2 protein chains.
Amino acid sequence: MTKDDAVTDWKAIRRDVLANIQSGQWQPGSKIPREIELAERYGSTRSTVGRALRDLADAGFLDRKRKGGTTVAANPMRKAPLDVPILRDAITKAGHRPGYRLLHAKLQCAPADISAALAQPPGVKLLYIRALYFADDRPHQLELRWLVPEMIRGLGPDHWATSPVDEWLLCNAPLTRAQIEIESIALSDALARLFEQPSGSPSLLITRVSWKDAAPLGVLRLYHAPGHRLRTAI
Amino acid sequence: MTKDDAVTDWKAIRRDVLANIQSGQWQPGSKIPREIELAERYGSTRSTVGRALRDLADAGFLDRKRKGGTTVAANPMRKAPLDVPILRDAITKAGHRPGYRLLHAKLQCAPADISAALAQPPGVKLLYIRALYFADDRPHQLELRWLVPEMIRGLGPDHWATSPVDEWLLCNAPLTRAQIEIESIALSDALARLFEQPSGSPSLLITRVSWKDAAPLGVLRLYHAPGHRLRTAI
DNA sequence: CAGTGGTCTAGACCACTAG
DNA sequence: TAGTGGTCTAGACCACTGA
């Protein structure tokens, strides 16, 4: 392996280099040959080898530095992609019939922690939306959302009454940056009732604080029905 | 914006195209100009424009098809990277003093769900390891691990007694593929005792089934101390 | 300062697929 | 089948950074 005879496409080179890493031939922390050298070895060009190595570096398998050369990552922290879907779409894709019920929507003072997360003065009025998403008529996700009014001009009751604000926001005020936290909480009495579950049931809570460029946009708190699992793969 | 005057580096082109998308000038679902056309517009070449567009496609903002052209993704499902760290390193990086205590390590019959997930015959003997990770002497994560013996030849008691198996596996039997599930569970009496928390406390459970190429490697169940949060950003 | 990766070019051919 | 993106080449210059 890793011999000559013109392996000339970048995916093959990527595969071969990765095999050298995963088989232990190229140990973590050690330097691998320069681009030019690999290009000769594979009967290819520097551009093509570079493409393969860049891809492996993006995936976290390699560390590259000018003049320092390319080294096998000491700690290949694999990144698992966790997607941030449109709620209704996600339910449909999972093979269920989606449903949406608006519970509350009003401009009101935000809790201190919310306004703080959005870098807004305490007591500022935000649009607070509470809505329940169903999968096959069973409560699936509870959405609590606080939105900065200035950022959502044009969003009105006619939007949120019938369809998730998700979908309006996507087209009209897309976020450019967000912080996401995932935690496990015990459902309060009120929340448990919504999910038709015993009080204290464990629920997955995702909190997302989002910005459009430098301007804070809103906070989303998404409570999942007990038993729900996030899935991903690497 | 999006005018001529030679914007010739791919990051600038990427930025400009992304701005066109996020400002709503290029609506979700609509086609954007061909590579050659953009290359002329930016005073650049097809390769460079291609680099920018490929990057945006990888990030989920664009859909590209040969002959079909490039369209703005109808549903920009942003991918949040969730990393799969070395446990001890993660604790150190979070600014805590790491600790490790092995609770159990024995070759024994695996539960039916575990052997099924690994495509092993029911009742097969697997190496079962139970260990507790500490952060500043407080229990932080509980690791349950089942490993297929054939895949970990060379791993012995001297390894797992003193240091997390994590670290041996990384160098000697790196996974190439994995399925990950994240859920919220209520701690059983036994687990709650380990975390020094009331029984039934909500805990984040991560289950990872991993393979090396086509061969099943093992199952990891990682229970997090109540209150722990996974964080990521996009 | 010298060596490495990062990027751009101008051109070519190929692979897929919509019409 | 024609048009689009996907890839490769051969070469050049630049930007960073270790020795």
Side-chain angles (χ1 to χ4, degrees), chain A residues 2-18 20-21 26-76, chain B residues 2-18 20-21 26-76:
Chain A
T2 315
K3 282 291 144 38
D4 34 23
D5 273 273
V7 174
T8 183
D9 91 82
W10 75 270
K11 288 185 180 176
I13 296 176
R14 193 200 126 113
R15 227 179 298 124
D16 194 74
V17 170
L18 185 55
N20 280 337
I21 296 171
W26 289 348
Q27 283 292 320
S30 67
K31 256 166 68 164
I32 80 172
R34 314 193 294 282
E35 285 189 347
I36 304 186
E37 202 164 320
L38 287 174
E40 287 169 4
R41 193 180 298 187
Y42 288 117
S44 178
T45 55
R46 196 164 82 85
S47 324
T48 304
V49 170
R51 173 87 191 262
L53 297 186
R54 190 195 330 133
D55 202 74
L56 287 170
D58 287 345
F61 291 106
L62 295 175
D63 290 326
R64 316 193 72 193
K65 258 184 287 187
R66 280 157 162 149
K67 166 79 178 185
T70 301
T71 59
V72 178
N75 168 356
Chain B
T2 313
K3 283 292 143 42
D4 33 23
D5 275 272
V7 173
T8 184
D9 94 82
W10 75 269
K11 288 184 179 176
I13 296 176
R14 192 201 125 110
R15 227 177 301 124
D16 194 75
V17 171
L18 184 55
N20 280 337
I21 296 170
W26 289 348
Q27 281 293 322
S30 67
K31 258 168 65 166
I32 78 171
R34 312 194 294 284
E35 286 189 346
I36 304 186
E37 202 164 319
L38 288 175
E40 287 170 4
R41 193 179 298 187
Y42 288 116
S44 177
T45 56
R46 196 163 82 85
S47 324
T48 304
V49 170
R51 172 89 191 261
L53 297 186
R54 189 191 333 130
D55 202 73
L56 286 170
D58 287 345
F61 291 106
L62 294 175
D63 291 327
R64 315 193 72 194
K65 260 184 287 188
R66 282 156 160 147
K67 167 78 180 185
T70 301
T71 59
V72 178
N75 168 356

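These numbers come from a predicted model, not from an experiment. Order of the sequence lines sets the chain letters (A, B, ...), proteins ahead of strands, with each chain counted from 1.
The span of DNA chain C lying next to chain B, judged by atoms under 4.0 Å from heavy atoms, is bounded 5' to 3' by C/dT7 to C/dA18.
Nearer the 5' end of DNA chain C, as judged by each residue's closest nucleotide, is the contact made by A/K67, out of A/R54 and A/K67. For the pair A/W10 and B/T70, both in contact range of DNA chain D, the more 5′-proximal nearest nucleotide belongs to B/T70. Comparing A/R51 and A/K65 by the nucleotide of DNA chain D whose heavy atom lies nearest to each, the residue mapping closer to the 5' end is A/R51.
If you measure from atom NZ of A/K31 to atom C1' of D/dT17, you get 12 Å, rounded to the nearest angstrom. With rounding to whole Å, B/R34 atom CZ is found 12 Å from D/dA2 atom C1'.
Looking at A/L56 and A/R14, their side chains come closer than 4.5 Å, going by heavy atoms from C-beta outward. Side-chain contact between B/L38 and B/I32: present, with at least one pair of heavy atoms (C-beta onward) separated by less than 4.5 Å.
Judged as a side-chain contact (heavy atoms from CB on, under 4.5 Å), and not counting sequence neighbours, the contacts of B/R15 are B/K11, B/A12. Among residues two or more places apart in sequence or in another chain, the side-chain hydrogen bond (donor to acceptor under 3.5 Å, both in side chains) test is passed with B/T45 by B/T48. Looking at residues two or more places apart in sequence or on another chain, you find a side-chain contact (heavy atoms from CB on, under 4.5 Å) between B/E37 and B/P33, B/R34, B/R41.
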Only distances under 3.5 Å count here; give the side-chain donor-acceptor pairs of residues 58-69 of chain B to other protein atoms, sequence neighbours excluded, each with its distance to 0.1 Å.
residue, atom, partner, partner atom, Å
B/R64, NE, B/T70, OG1, 3.1
B/R64, NH1, B/E35, OE2, 3.4
B/R64, NH2, B/E35, OE2, 2.7

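For DNA chain C, each stem of at least three Watson-Crick or G-U pairs (distances under 3.5 Å) is given as range with range: C:1-18 with D:1-18.
Looking at every heavy atom in both residues, A/A73 comes nearest to A/P28 through O-CB, 3.7 Å.
Between the CH2 atom of A/W26 and the CG atom of A/L18 there is a distance of 10.5 Å, given to the nearest 0.5 Å.
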